[in-house]
**Q** 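Sharing a structure with you now.
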Amino acid sequence: MKNDMSKKLSSFSKSNDENNDNDPSGNPASHHELNNQGFLGPIGPVGINAPALAYGSVYGSSAAVVVTAGTLVDFTSSGPSLNIAADLLANTLTVATSGIYTIHYNINLALSVISTLLSASNRIIEVALNINGTEDPASISTYSITNISGVAAALAQAGTVSRSMLRSLNSNDVVTLGFRSTSIGPGTATYTSPSLVITRIE
């Protein structure tokens with residue numbers, strides 16, 4: 001009789017242990033086993049490294065400055081910068097790392113000239129970027145005012161010249177903005193509030 005009872009108790013205990021193994025609330029051991037992570041999967045491909053941030057900008061005064069061919073645009077203040085150095089004395093921006101950059105410039109211009117009785121002709125101001133002192137032909141912008149043929153009168157006009165472009169720059173390249181040429185005859189040309197902004201995109 002005792003042997004039958006022992007067998008029943010042993011069977012009950014074994015059954016209870018099996019149930020606890022299937023039930024996470026049953027015992028700490030099974031809890032631990034269910035919370036263990038499975039095998040790690042394969043490592044994914046390496047992502048593309050983002051380019052190092054680089055940006056810089058310089059700005060000029062709102063007071064009128066006379067335009068002179070062959071001179072750099074004068075800047076009087078600089079904006080936030082990272083990996084691009086502004087030199088207000090030299091009117092330059094120098095990049096620290098090679099990459100693809102967006103370059104944007106903007107200048108407010110004003111022309112005041114005396115027209116002649118000659119045939120129609122343009123009074124022109126040309127602006128261009130220079131990289132390490134070499135003019136970038138793709139960056140040239142032209143601002144002009146046209147004489148009216150047969151009319152002698154004072155002509156005045158104000159407007160904006162600007163350009164945005166992508167440019168590959170190397171480490172330590174120096175960027176400037178200048179007036180490449182003027183053809184204003186007997187008159188004056190001035191500029192105000194110029195800006196030059198460079199940002200690395202790749």
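Given the structure is predicted, the values throughout are model-derived calculations rather than measurements.
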**Q** So which atom in Ser61 and which in Pro194 form the shortest heavy-atom distance, rounded to 0.1 Å?
**A** O-CD, 4.0 Å
**Q** Are Val161 and Ile124 in one and the same hydrophobic cluster, where Ile, Leu, Val, Met, Phe, Trp and Tyr link if side-chain heavy atoms are under 4.5 Å apart?
**A**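 Cluster IDs for Val161 and Ile124 differ.
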**Q** Taking all atoms of both residues into account, what is the closest heavy-atom pair of Thr76 and Gly60, and its distance?
**A** OG1-C, 3.6 Å
**Q** Of the non-hydrogen atoms in Ala189 and Leu111, which two are nearest, and what is the gap between them?
**A** CB-CD2, 3.4 Å
**Q** Under 3.5 Å, which donor-acceptor pairs link side chains of residues 81-92 to any protein atom two or more places apart or in another chain?
**A**
| unit_1 | atom_1 | unit_2 | atom_2 | d |
| --- | --- | --- | --- | --- |
| Asn83 | ND2 | Leu53 | O | 2.7 |
| Asp87 | OD1 | Leu89 | N | 3.0 |
| Asp87 | OD1 | Ala90 | N | 3.1 |
| Asn91 | OD1 | Phe75 | N | 2.8 |

**Q** Under 3.5 Å, is there a donor-acceptor pair linking the side chains of Ser139 and Tyr105?
**A** no
**Q** State the CD1-OH distance between Ile198 and Tyr55, to the nearest 0.5 angstrom.
**A**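 Spacing of CD1 (Ile198) from OH (Tyr55) equals 14.0 Å.
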**Q** Leu177 and side-chain contact (heavy atoms from CB on, under 4.5 Å): which partner among Ile107, Ile103, Asn130?
**A** Ile107
**Q** Of the non-hydrogen atoms in Ala69 and Ser181, which two are nearest, and what is the gap between them?
**A** CB-CA, 3.9 Å
**Q** Please evaluate residues Ile131 and Arg167 with respect to the criterion side-chain contact (heavy atoms from CB on, under 4.5 Å), reporting the C-alpha separation (whole Å), side-chain torsions for both, the decisive distance (0.1 Å), and the verdict.
**A** CA-CA 10 Å; Ile131 312 299; Arg167 183 66 155 77; 3.3 Å; yes
**Q** According to side-chain contact (heavy atoms from CB on, under 4.5 Å), who are the partners of Ser168, at least two apart in sequence or on a separate chain?
**A** Ile100
**Q** Please give the remaining members of the hydrophobic cluster of Val174, linking ILVMFWY side chains under 4.5 Å, ordered by chain and number.
**A**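 Other cluster members: none.
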**Q** What's the spacing between Ser98 OG and Asp173 CG if we round to 0.5 Å?
**A** 7.5 Å
**Q** Any non-hydrogen side-chain atom of Val197 less than 4.5 Å from a side-chain atom of Tyr59?
**A** yes
**Q** Just jot down the salt bridge (Lys or Arg N to Asp or Glu O under 4.0 Å) partners of Arg180, sequence neighbours excluded, or say none.
**A**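 Arg180 satisfies salt bridge (Lys or Arg N to Asp or Glu O under 4.0 Å) with Glu126, Glu135 once adjacent residues are dropped.
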**Q** Once you round to the nearest 0.5 Å, how far does CG of Leu109 lie from OG1 of Thr190?
**A**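 Between Leu109 CG and Thr190 OG1, I get 7.5 Å after rounding to 0.5 Å.
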**Q** Any side-chain heavy atom of Thr97 sitting closer than 4.5 Å to one from Arg200?
**A** yes
**Q** Applying ring-ring contact (aromatic ring centres under 6.0 Å, His included), name anything that partners Phe179, two or more places apart in sequence or on another chain.
**A** Tyr191
**Q** Can you list the residues that meet the salt bridge (Lys or Arg N to Asp or Glu O under 4.0 Å) rule with Asp74, with sequence neighbours excluded?
**A** none
**Q** Return the NE2 to CG distance between His104 and Leu196, rounded to the nearest 0.5 Å.
**A** 9.5 Å
**Q** Are Ile125 and Leu72 grouped together when hydrophobic residues (ILVMFWY) are joined by side-chain heavy atoms under 4.5 angstrom apart?
**A** no
**Q** Which heavy atom in Ser62 sits nearest to a heavy atom in Ser193, and how many Å separate them?
**A**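 Nearest pair, atom of Ser62 first, then Ser193: CA-OG, 3.6 Å.
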**Q** For the atom pair CG (Leu166) and OH (Tyr101), what is the distance rounded to the nearest 0.5 Å?
**A** 13.0 Å
**Q** From Arg163 CZ over to Leu129 CG, what is the distance, rounded to the nearest 0.5 angstrom?
**A**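 Reported value, rounded in 0.5 Å steps: 9.0 Å.
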**Q** Answer yes if Val175 and Ile140 sit in the same cluster of Ile, Leu, Val, Met, Phe, Trp and Tyr residues linked by side chain heavy atoms under 4.5 Å apart, and no otherwise.
**A**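 No, it is not one cluster - the side chains of Val175 and Ile140 are not joined through contacts under 4.5 Å.
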